[in-house]
Amino acid sequence: MTPIFDALARHARERPDATAFADGDRRLSWAGLADAVGQAAAAFAAGPRTVGLRLSGLDYVIGDLAATLAGCRVVPVPGFFSTGQIAHLLQDAGATLVDQLPQAGRSLPLTYAGGAERVIYTSGTTGRPKGVVLGDRQLTASALGLSQVLAAGQQDRYLSVLPQAQLLEQICGVFLPILAGAQTVICPPGASALFTGDGRALARIAHQVRPTVTLLAPRQLTLWVAALRAGAPRPDSLRYVAVGGAPVSPALIAEARSLGLPVAEGYGLSEACSVVALTPQDAPEGSAMVPLDGLSLRIEDGEIVVDGPTVMTGYLHRPSHAGPWRTGDLGRIEGGRLTVLGRRDAMILRASGRNIAPEWVEAEALSDPALPAAALVLMPDDRLVLVLAATAAPDMAALMARLAQLPDYARPDALVIADPREPGLIRPSGTADRQIARQIAARPGVLIPLAPGIAA
């Protein structure tokens, strides 16, 4: 993290009045940010050594940097965690909840002594969240690697639309812009678009702010594309739009590019400090991802294995980890480029012996803004059923056309239109619970059979 604090101190000296971060009507210059971080760091240094940050906007930026500068163990508290998950996070990490910036009568210099850690809790699919421990090595390598890939500079303006408690946004929305000296605009409506069916606010703010770079979740991309399709102003300032966290339909990516969103896919996981591979800037449509410099990717028994300086220290309260990390994700590497196929533990094996990654079928459904979640499940009679959580009537003709592009063995035999309010169907993270979806699909009279060839 030393390069980040060195860069912040340099910008405060050389460009004191230039805007570093903006959040609505509130702005912080580089000098203002440096002062705020130093003062909050003095307060953190005099307080608990493990802090659970439940802050947002500029307060999160200041709090994260200040607690890190003070050498604390930083535990971001995801806003989508349930009350029980938050209680477990705080107890498991031994963290004191911080929901407002601490005050101190003095200030610490921006000279980072090292040693701060952060614990990222992953919601997971089963059980309680686990804490991924990351330190200076992982965070610095990730920020520097991304800075090189994106060729980030002072001319850039980053639009921050993901929740700041997500590791990906901490790196791309806080550390990376500071390294580059780029301005960051925090956009709460963008984050809220993760959980709504309306991307018009995101499109409008992007048009006003004129960002050059942003990072989206697949749901945000779906809603932004829908808004553009409906006539929202097209962006003309963007040079790179990374999308990650789950597979994205190739058709959606192609449409996004045609509407002015230069989308590039990314792949990563918390255990490797978020980003592992990205589609290169200006790569032709259909190009696969390449690993960040310094990282090594290989495939063992179909599974992606990552090695390098971003691999975690280990899980909290568990033995430390050293060496390569088996991701649990399936993929292939051709010509040095990575294609992710899905989670090993989610693979569906049909009676025919064919394996199906449900994520790629679900991605075709999630291209529809009316569908915030989807789950492909295999029933006991070997029928594939696609369960759709629908907030409105989906575009069935378009969905059938996308599903028809899948291989025969991966096409659903039936659909279920489910109420998104069904208890347990949509996890707090926004993804569908396939076990609950399977229970819904087993109810009498809910299946909508699809004819062979998926003709609507």
Side-chain angles (χ1 to χ4, degrees), residues 197-199 203 216-232 234 241 243 245-265 279 284-288 339-342 346 348 350 352 354-379 382-418 420 431-432 434 437 440-441 446-456:
D198 190 348
L216 306 174
R219 176 68 174 163
Q220 291 170 313
L221 178 63
T222 294
L223 296 175
W224 197 347
V225 166
L228 294 173
R229 190 189 300 137
R234 296 189 181 188
V241 177
V243 60
V248 182
S249 165
L252 178 61
I253 291 177
E255 184 177 7
R257 290 179 173 178
S258 72
L259 293 171
L261 299 178
V263 175
E265 285 192 276
T279 304
E285 187 174 334
S287 296
T339 299
V340 182
L341 302 177
I348 292 173
R350 302 201 74 175
S352 62
R354 300 304 298 263
N355 287 319
I356 303 164
E359 295 92 341
W360 293 104
V361 179
E362 293 159 0
E364 300 298 343
L366 297 177
S367 297
D368 191 312
L371 303 174
L376 183 72
V377 297
L378 184 67
M379 305 306 290
D382 198 50
R383 280 192 296 176
L384 278 177
V385 177
L386 184 59
V387 179
L388 307 173
T391 58
D395 185 338
M396 294 303 292
L399 174 60
M400 294 303 106
R402 291 194 300 272
L403 295 178
Q405 301 302 311
L406 297 169
D408 290 345
Y409 65 85
R411 295 174 188 168
D413 300 299
L415 300 178
V416 174
I417 305 296
T431 59
R434 295 191 184 99
I440 294 172
V446 299
L447 295 183
I448 303 172
L450 298 179
I454 319 207

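We find the CG-OG1 distance between Leu371 and Thr222 to be 9.5 Å, quoted to the nearest 0.5 Å. Note: Ile348 CD1 to Leu376 CG = 4.0 Å, rounded to the nearest 0.5 Å. Separation of atoms OG (Ser367) and CD (Glu362) is listed at 12.0 Å; rounding is to 0.5 Å. Put simply, CG on Leu403 and CG on Leu415 are 7.0 Å apart, with the number rounded to the nearest 0.5 Å. Note: Leu386 CG to Leu450 CG = 8.5 Å, rounded to the nearest 0.5 Å. Here the straight-line distance linking atom CG of Leu384 with atom CE of Met379 works out to 10.5 Å at 0.5 Å rounding.
Contact annotation: the side chain of Leu223 never approaches that of Asp198 to less than 4.5 Å [non-hydrogen atoms, C-beta and beyond]. Using a 4.5 Å heavy-atom cutoff, the side chains of Leu378 and Ile356 are not in contact. Between Val340 and Glu265, every side-chain heavy-atom pair lies at or beyond the 4.5 Å cut-off. The closest side-chain heavy-atom distance from Leu261 to Leu228 is below 4.5 Å. By the 4.5 Å heavy-atom criterion applied to side chains, Leu366 and Ser249 are not counted as neighbours. Under the 4.5 Å side-chain criterion, counting only non-hydrogen atoms from C-beta, Pro247 is not in contact with Glu364. Side-chain contact between Val416 and Leu447 is present, with heavy atoms from C-beta onward closer than 4.5 Å.
In this view, Arg383 and Asp381 satisfy the salt bridge (charged side-chain N to carboxylate O under 4.0 Å, His left out) rule, not counting sequence neighbours. Annotation: side-chain hydrogen bond (donor to acceptor under 3.5 Å, both in side chains) contacts of Asp408 (sequence neighbours excluded): Arg411. Shown here are the salt bridge (charged side-chain N to carboxylate O under 4.0 Å, His left out) partners of Arg229, two or more places apart in sequence or in another chain: Glu255. Not counting sequence neighbours, the partners of Thr339 by the side-chain contact (heavy atoms from CB on, under 4.5 Å) test are Ala288, Arg332, Leu341. With sequence neighbours left out, Glu359 forms a salt bridge (charged side-chain N to carboxylate O under 4.0 Å, His left out) with no residue at all.
Among all heavy-atom pairs drawn from Ala437 and Val387, the shortest one is O-CG2, 3.6 Å. Annotation for Val263 and Arg257: closest pair O-NH2, 2.8 Å, computed over non-hydrogen atoms. Residues Val361 and Ala410 share a closest heavy-atom pair of CG2-O, 3.7 Å. Considering every non-hydrogen atom in both Ala390 and Pro394, the closest pair reads CB-CD, 4.5 Å. Closest of all the heavy-atom pairs between Gly342 and Trp360 is N-NE1, 3.9 Å. The minimum heavy-atom distance between Arg354 and Tyr409, with the atom names listed, is NH2-CE2, 3.0 Å.
Within the structure, side chain to side chain donor-acceptor pair (under 3.5 Å) contacts touching residues 387-406 (residues at least two apart or in different chains) do not occur.
Formation of a donor-acceptor pair under 3.5 Å by the Arg434 side chain with backbone atoms of Ala374 is not found in this model.
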